[in-house]
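Reviewing the structure listed below.
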Amino acid sequence: MASPPDKSKTIKLERYNSYLRRVNSTKLLNASSKILFRATLLIALALIFYFTLNYPPLYDNPPHLHNRHNFLSSALYGPGGAAWEKQVRHSATPRRPNGMSVLVTGAAGFVGSHCSLALKKRGDGVLGLDNFNDYYDPSLKRARQALLLKHQVFIVEGDLNDGPLLSKLFDVVPFTHILHLAAQAGVRYAMQNPQSYVNSNIAGFVNLLEVAKAVNPQPAIVWASSSSVYGLNTENPFSESHRTDQPASLYAATKKAGEEIAHTYNHIYGLSLTGLRFFTVYGPWGRPDMAYFFFTKDILHGKTIDIYKTHDEKEVARDFTYIDDIVKGCLGALDTAEKSTGSGGKKRGPAQLRIYNLGNTSPVPVGKLVSILEGLLNTKAKKHVIKMPRNGDVPYTHANVSLANRDFGYKPTTDLATGLRKFAKWYVNYYGIQPRVKKGNSVGNGHSEESDG
């Protein structure tokens, strides 16, 4: 009788094959999982970069990233990042034939925001630079920033003394012009914080000029000086030919130093430089440290206001100049600025050097300004008349603007009553105040889109 076949080897072989199939299946599954994970991760990263580059944040430093200083956000949104560079280029690109590409320093300031908006509306490329300091309420500067952003004007948050940042901006954009309005403003504050005036108005200006002289092509520069440079001058009206070697405040001294520094860089490096001496600029989106602004606030809140008289009992008067007139002057100076003549930091020929008064040509006593505000606000001011303290203020300003009129058609058209009405209308709307309505010349609720002098 034949013995049954030995099946043990067959069973062992089947078990071994089954084991190999399970092992191979597990390896295949693991490999597939790794491939799927890597593919998913790659797609996710690609999507992140795509949306970051094509939909950049609205702010230079997005609010939700303030406390998340990770590598990715710094690389994308910070100076030099891809998204940051895209915003910078987009903002600075002109939209009209032969349009200018203008770097506006102090763009979140009073005059800076208005000029930036006017340039953008006519098709020029505009990039702002501002350090958003707290000399006055930064929220007002942020509100101006938001207004400019609606009109596609991007403001880089940075300081004039940051040389690498300025150099980076010129690496990204070949600016044709600089409108330099950034400064430490205010006459009286210089007695409290003198160093801030040196840092901004002198060191910051020199730093900007150092960068501008080295780029190729060099930009033409229009910058804000001040009527304060006339100091103790007694000739009226103030003319560009009058002496300016008797400053009455540190602020005035730094602005006068700026004019001499401008002359030096024009002479040595061929930079085209135009200085503008502003006379008491006022209007919507103005500066809270200016008399017309805090008078309005104090009158509405029932607080006493100080009205100065000179030591010989004369009324203090100012050549109040409405913001729209100042903007026209700034744009006129930019439009007539000739090209710089330097290249590679060396002068190749004589370059344009100019200085102009931008005022209203009609001095008004401060008491008259208060009377106009009383009528507009339908509120009687509580006045305290005192002698002018020796804090750097001058008793009287009056601009002769014939030179600016001759060279670029500057002609102020807004009288103080009209300008203050527009300011008061903006003020009650911006701060949400319900004014006492009075028929005639009082203000109502209205909107104004008008914007450091």
Side-chain angles (χ1 to χ4, degrees), residues 102 104-106 111-112 115 177-183 185 197 201-202 204-206 208-209 212-213 218-249 251-281 319 321 325-342 347 350-361 394 397-412 452-453:
V102 188
V104 180
T105 70
V111 178
C115 287
H177 296 74
I178 297 174
L179 181 56
H180 175 48
L181 302 172
Y197 289 80
N201 303 355
I202 297 178
F205 189 29
V206 169
L208 180 66
L209 295 176
K213 83 176 189 190
Q218 293 175 335
I221 302 171
V222 174
W223 69 284
S225 182
S226 170
S227 62
S228 296
V229 299
Y230 290 108
L232 303 179
N233 173 57
T234 56
E235 296 182 80
N236 285 295
F238 298 172
S239 173
E240 292 88 349
S241 61
H242 291 169
R243 63 185 298 182
T244 53
D245 59 349
Q246 296 176 298
S249 67
Y251 169 69
T254 61
K255 284 298 185 178
K256 176 59 180 175
E259 294 185 359
E260 302 305 324
I261 290 167
H263 179 276
T264 302
Y265 276 79
N266 168 268
H267 174 69
I268 298 176
Y269 302 109
L271 283 172
S272 171
L273 282 148
T274 301
L276 303 176
R277 294 172 177 171
F278 295 158
F279 281 71
T280 316
V281 190
D319 198 351
T321 313
D325 291 324
I326 290 292
V327 170
K328 290 175 185 175
C330 290
L331 269 60
L334 284 168
D335 289 338
T336 55
E338 297 175 1
K339 292 182 179 180
S340 294
T341 62
K347 183 178 181 178
Q352 187 181 53
L353 180 66
R354 306 182 296 174
I355 194 79
Y356 296 103
N357 289 336
L358 292 186
N360 191 56
T361 74
V394 294
T397 61
H398 183 187
N400 177 346
V401 300
S402 57
L403 196 59
N405 176 263
R406 183 196 72 187
D407 289 357
F408 47 85
Y410 176 74
K411 187 177 181 180
D452 254 44

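This chain uses plain numbering: 1 for the first residue, then up along the sequence. Note that the structure is predicted; figures quoted are calculated from it, not measured.
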For the atom pair [atom1] ([X]) and [atom2] ([Y]), what is the distance rounded to the nearest 0.5 Å?
X: N400; Y: N405; atom1: CG; atom2: CG; value: 10.0 Å
X: K256; Y: S225; atom1: NZ; atom2: OG; value: 8.0 Å
X: L273; Y: Q352; atom1: CG; atom2: CD; value: 9.5 Å
X: H242; Y: T234; atom1: NE2; atom2: OG1; value: 9.0 Å
X: T264; Y: L353; atom1: OG1; atom2: CG; value: 10.0 Å
X: H177; Y: K339; atom1: NE2; atom2: NZ; value: 9.0 Å

Evaluate side-chain contact (heavy atoms from CB on, under 4.5 Å) for L358 paired with Y410, printing each intermediate quantity in order.
CA-CA 8 Å; L358 292 186; Y410 176 74; 3.8 Å; yes
Distance-minimising heavy-atom pair for [X] and [Y]:
X: G329; Y: F408; value: O-CE1, 3.6 Å
X: G231; Y: V394; value: O-CG1, 3.4 Å
X: G270; Y: A351; value: O-CB, 3.3 Å
X: D245; Y: P247; value: C-CD, 3.4 Å
X: L232; Y: A248; value: CD2-CB, 4.0 Å

Does the side chain of [X] reach to within under 4.5 Å of the side chain of [Y], using non-hydrogen atoms?
X: S340; Y: Y265; value: no
X: Y356; Y: T274; value: yes
X: L208; Y: I178; value: yes
X: I268; Y: K347; value: no
X: I202; Y: I261; value: yes

Under 3.5 Å, side chain of [X] to main-chain N/O of [Y], donor-acceptor pair present?
X: N266; Y: L271; result: yes
X: Q218; Y: Y269; result: yes
X: T321; Y: V281; result: no
X: T105; Y: A182; result: yes
X: K255; Y: A224; result: yes
X: D319; Y: A399; result: yes

Side-chain ion pair, R277 and E259, N-O less than 4.0 Å:
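A salt bridge is present here (some side-chain N lies under 4.0 Å from a carboxylate O).
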Checking side-chain contact (heavy atoms from CB on, under 4.5 Å) for the pair Y251/N201: CA distance, chi angles, key distance, verdict?
CA-CA 8 Å; Y251 169 69; N201 303 355; 3.9 Å; yes
Whether F238 and F279 hold their rings parallel, tilted or perpendicular, with breakpoints at 30° and 60°:
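If you compare the ring of F238 with that of F279, the planes turn out tilted.
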Angle class for the H263/H267 ring planes (parallel below 30°, perpendicular above 60°, tilted otherwise)?
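Ring orientation of H263 relative to H267: parallel.
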Under the criterion side-chain hydrogen bond (donor to acceptor under 3.5 Å, both in side chains), which of N236, N357, T244 is the partner of Y230?
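Going through N236, N357, T244 one by one, the side-chain hydrogen bond (donor to acceptor under 3.5 Å, both in side chains) with Y230 is satisfied by N357 alone.
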Taking V102 as the fixed residue, which of L179, V222, L331 is the one that meets the side-chain contact (heavy atoms from CB on, under 4.5 Å) rule?
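Answer to the side-chain contact (heavy atoms from CB on, under 4.5 Å) test with V102 among L179, V222, L331: L179.
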Carefully, step by step, assess W223 and F205 under the rule side-chain contact (heavy atoms from CB on, under 4.5 Å).
CA-CA 9 Å; W223 69 284; F205 189 29; 3.8 Å; yes
Taking it one step at a time, do I326 and L276 satisfy side-chain contact (heavy atoms from CB on, under 4.5 Å)?
CA-CA 10 Å; I326 290 292; L276 303 176; over 6 Å; no
